[in-house]
Asker: 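The structure is given below, and queries will be raised subsequently.
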Amino acid sequence: MPADYRSMFDIKWIRENPEAFDLAIQRRPGQTAMSSQLIELDHKKRIAETLAQEIKTKRNALSKEIGVAKALGKDVAHIIAKVSESKNAQVSAEMEAITAKAELNNVLADLPNLPLEDVPDGVGEEDNVEIRKWGEPRAFDFVPKDHVDIGERLGMMDFETAAKLSGARFVMLKGGLAQMERALGNMMLNIHTRDNGYTEVNPPALVNDASMFGTGQLPKFGQDLFKVESGHWLIPTAEVPLTNIIAGHLVDAEQLPQRYTAMTWCFRSEAGAAGKDTRGMIRQHQFSKVELVSITTKDASSLELERMTRCAEDILERLEIPYRTIVLCAGDMGFGARKTYDIEAWLPSQGAYREISSCSVCGDFQGRRMNARYRSKKGIKESQFVHTLNGSALAVGRTLIAILENYQQADGSVAIPRELQHFMGGLEVLEPVQ
RNA sequence: GGAGAGGUGGCAGAGUGGUCGAAUGCGGCGGUCUUGAAAACCGUUGAACCGCGAGGUUCCGGGGGUUCGAAUCCCUCCCUCUCCGCCA
């Protein structure tokens with residue numbers, strides 16, 4: 001990463017509130033109190049910058065003198081000699097300032113975002129807190145199968161062929177299930193664009209380093225991503241291109257919020273997930289997802305998280321799939337999040353709720369990284385960094401799993417949720433292929 | 001892939017080595033006029049950083065170079081546009 005990438009924390013704030021910073025950062029696993037280290041690096045940086053500035057001030061003044069003297073036809077050789085003398089000192093002072101800045105930024109770039117105060121403490125998923133529940137898990141009069149058995153019996157879910165073509169953690173859907181995936185995406189996008197005010201986007205699936213840095217995948221999590229030979233990265237979520245739409249912009253507050261949705265393929269290397277969810281299509285290298293991204297002001301972001309989460313929950317309610325919503329504890333949140341709600345759909349085969357959506361508010365963390373700002377009032381000079389949010393609504397593959405498992409029937413067929421039937425040409429049930 | 005033209009403030013668009021951080025227009029802000037608004041007119045208005053302040057530093061696509069001095073000259077990369085070729 002270039003050294004001049006913006007840091008994601010307000011170092012001035014850390015300087016003024018070191019205890020608060022340390023308390024907050026330590027709620028993250030593996031993080032230690034480090035405000036004193038940061039403040040020291042910052043101090044070093046500012047000393048170096050000041051020195052470099054002083055030297056440059058002198059040089060600039062002399063150079064200007066030369067210009068004036070030359071215009072008057074005077075001899076300038078002695079002034080030029082004077083400037084040349086200080087050249088070495090200037091170069092080394094500049095180098096020192098650049099190095100000091102890079103040192104500080106390198107430390108800051110690896111730090112996760114600070115949890116909001118109302119986020120529960122905890123180190124892992126066992127500390128997450130359920131906040132609401134919707135729907136009654138269905139009572140089966142037979143032993144419910146898992147989505148792999150259901151899909152293969154339908155003759156519409158083929159892991160073997162996908163493995164032949166690509167390897168582990170890929171699947172090939174066929175016939176009715178391929179159609180259902182498309183229908184689900186269509187239904188979700190229709191709802192988000194027509195009812196929820198999101199603008200549909202069809203973004204690039206390959207992005208550059210800067211975009212990945214902006215949303216926080218880089219520099220720390222390159223091993224979770226796929227990279228292609230040209231140097232591009234395959235997006236792990238549409239959050240990356242959608243959020244980066246605002247990168248580098250300075251907008252008026254009236255232009256916010258901006259709400260974007262997209263269905264894209266998501267690509268994840270799943271490094272470090274060895275042995276986890278190996279069966280079936282819960283954890284794949286490639287999956288499709290309908291993503292929501294909101295770009296808001298500081299004051300609006302907390303409410304926007306509630307709104308976004310409701311948009312995601314609404315999809316499950318329309319599909320009549322039981323779910324629960326939990327708030328993640330500080331230790332279980334993603335790198336860039338300040339607060340996260342996970343929505344978990346009921347999976348009868350596991351007798352458990354499993355993640356199908358994750359909605360997060362990132363505060364100004366990403367806004368800082370991508371230098372995206374807004375003016376709070378027209379005519380007011382001061383700008384602030386935008387606040388960003390992202391959420392899945394929903395992960396399409398996992399939604400398909402939830403439908404298969406919740407709507408399965410004893411004879412191996414699968415009923416199609418009422419609201420989805422319209423998107424499948426009126427089809428009401430998927431029957432096994434003979 | 002070949003040939004050419006470009007990338008400058010919130011936006012548009014001048015500027016080809018020395019008070020240029022940058023003309024002008026739009027937009028924004030303040031005012032005059034108006035019952036109010038619009039129009040017109042006058043004034044004002046780039047950003048980030050350092051500093052208590054005075055003030056200073058950086059920024060004209062990214063990076064490097066030449067020079068006492070670079071928006072301006074050189075190298076390199078990226079992007080956009082036009083034409084040609086190829087192609088879903």
Side-chain angles (χ1 to χ4, degrees), chain A residues 1-16 38-39 41-105 108 202 204-214 228-233 241 244-256 258 295 297 364 367-386:
Chain A
M1 283 302 113
D4 63 337
Y5 266 109
R6 310 181 67 87
S7 61
M8 48 306 309
F9 290 110
D10 184 355
I11 190 70
K12 265 190 205 165
W13 182 85
I14 295 175
R15 227 187 286 151
E16 286 158 14
L38 292 172
I39 290 169
L41 284 171
D42 175 56
H43 183 67
K44 209 173 129 193
K45 184 199 97 170
R46 286 185 302 150
I47 298 278
E49 276 180 344
T50 303
L51 181 67
Q53 275 187 23
E54 281 170 5
I55 293 174
K56 281 186 188 175
T57 304
K58 283 181 196 158
R59 183 206 66 180
N60 288 348
L62 285 174
S63 288
K64 246 176 195 177
E65 259 181 54
I66 293 171
V68 174
K70 259 193 164 174
L72 295 171
K74 292 182 183 167
D75 178 54
V76 295
H78 65 289
I79 315 182
I80 290 178
K82 212 167 155 190
V83 186
S84 302
E85 270 174 39
S86 64
K87 189 95 184 181
N88 283 342
Q90 181 201 320
V91 169
S92 72
E94 268 173 16
M95 283 304 299
E96 215 165 294
I98 289 169
T99 307
K101 194 175 174 186
E103 272 179 47
L104 175 63
N105 276 351
L108 287 172
N202 195 339
L206 289 166
V207 300
N208 57 25
D209 288 0
S211 297
M212 285 297 188
F213 182 87
V228 299
E229 269 189 52
S230 62
H232 291 101
W233 303 87
N244 275 286
I245 288 173
I246 199 71
H249 285 302
L250 170 57
V251 300
D252 289 325
E254 293 89 283
Q255 294 174 259
L256 302 175
Q258 291 180 18
I295 295 151
T297 62
D364 65 5
R368 285 179 181 277
R369 292 174 85 103
M370 59 180 75
N371 191 24
R373 294 166 297 146
Y374 70 97
R375 290 190 212 276
S376 50
K377 269 187 189 160
K378 285 212 167 181
I380 300 281
K381 286 186 180 180
E382 289 74 37
S383 62
Q384 306 186 59
F385 292 105
V386 299

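Below, chains carry the letters A, B, ... as their sequence lines are ordered, and counting in each starts from 1.
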Asker: Hey, does A:Ile79 reach any base, or is it just sugar-phosphate, or nothing, if we go heavy atoms under 4.0 Å?
Answerer: nothing

Asker: Does the structure show a Watson-Crick or G-U wobble partner for B:rA54, both distances under 3.5 Å? Name it, or say none.
Answerer: none

Asker: Taking the nucleotide of RNA chain B with the closest heavy atom to each, which residue, A:Lys45 or A:Val83, is nearer the 5' end?
Answerer: A:Lys45

Asker: Under 4.0 Å, heavy atoms only, any strand: does A:Lys12 hit a base, just the sugar-phosphate, or nothing?
Answerer: sugar-phosphate

Asker: Round to a whole Å and report the spacing from CD of A:Glu94 to P of B:rG64.
Answerer: 11 Å

Asker: Under 4.0 Å, heavy atoms only, any strand: does A:Asn208 hit a base, just the sugar-phosphate, or nothing?
Answerer: nothing

Asker: Please check the phosphate of B:rU57 (OP1 and OP2 only) for any side-chain N or O of A:Thr50 closer than 4.0 Å.
Answerer: no

Asker: Check the distance between B:rC68's P and A:Lys58's NZ and give it to me in whole angstrom.
Answerer: 20 Å

Asker: Counting only distance, no hydrogens or angles, is the base of B:rG18 paired donor-acceptor with the side chain of A:Lys70 under 3.5 Å?
Answerer: yes

Asker: Both distances under 3.5 Å, Watson-Crick or G-U wobble: report the partner of B:rU82, or none.
Answerer: B:rA3

Asker: Nearest to the side chain of A:Leu250, which nucleotide is it out of B:rG10, B:rC50, B:rG56?
Answerer: B:rG10

Asker: Nearest-nucleotide wise, let me know which of A:His249 and A:Arg59 is further upstream toward the 5' end of RNA chain B.
Answerer: A:His249

Asker: Ignoring backbone atoms, establish whether A:Arg46 has a side-chain N or O less than 4.0 Å from OP1 or OP2 of B:rG51.
Answerer: yes

Asker: Test your reading of the model: is there a side-chain donor-acceptor pair from A:Thr50 to the backbone of A:Arg46, 3.5 Å cut-off?
Answerer: yes

Asker: Send over the distance from A:Asp252 CG to B:rC29 P, rounded to a whole Å.
Answerer: 9 Å

Asker: Would you indicate whether the side-chain heavy atoms of A:Ile47 and A:Lys44 approach each other to under 4.5 Å?
Answerer: no

Asker: A:Lys101 NZ to B:rC59 C1': how many Å, rounded?
Answerer: 11 Å

Asker: Check this one for me: any side-chain N or O of A:Asn60 less than 4.0 Å away from OP1 or OP2 of B:rG56?
Answerer: no

Asker: Could you tell me whether A:Asp42 and A:Lys12 have a side-chain N and a carboxylate O separated by less than 4.0 Å?
Answerer: no

Asker: Counting only Watson-Crick or G-U wobble pairs whose two distances fall under 3.5 Å, which nucleotide matches B:rG10?
Answerer: B:rC26

Asker: Can you tell me how far P of B:rA48 sits from CD1 of A:Ile11, to the nearest Å?
Answerer: 18 Å

Asker: Does a side-chain N or O from A:Arg375 land closer than 4.0 Å to OP1 or OP2 of B:rC29, or not?
Answerer: no

Asker: For a quick check of understanding: with a heavy-atom distance under 4.0 Å over all strands, which category does A:Lys56 fall into, base, sugar-phosphate or nothing?
Answerer: sugar-phosphate

Asker: Using a cut-off of 4.0 Å on non-hydrogen atoms, how would the nucleic acid contact of A:Lys82 be classed: base, sugar-phosphate, or nothing?
Answerer: nothing

Asker: Less than 6.0 angstrom from the centroid, inside 45 degrees of the normal: does A:Arg369 satisfy that with respect to the ring of A:Phe213?
Answerer: yes

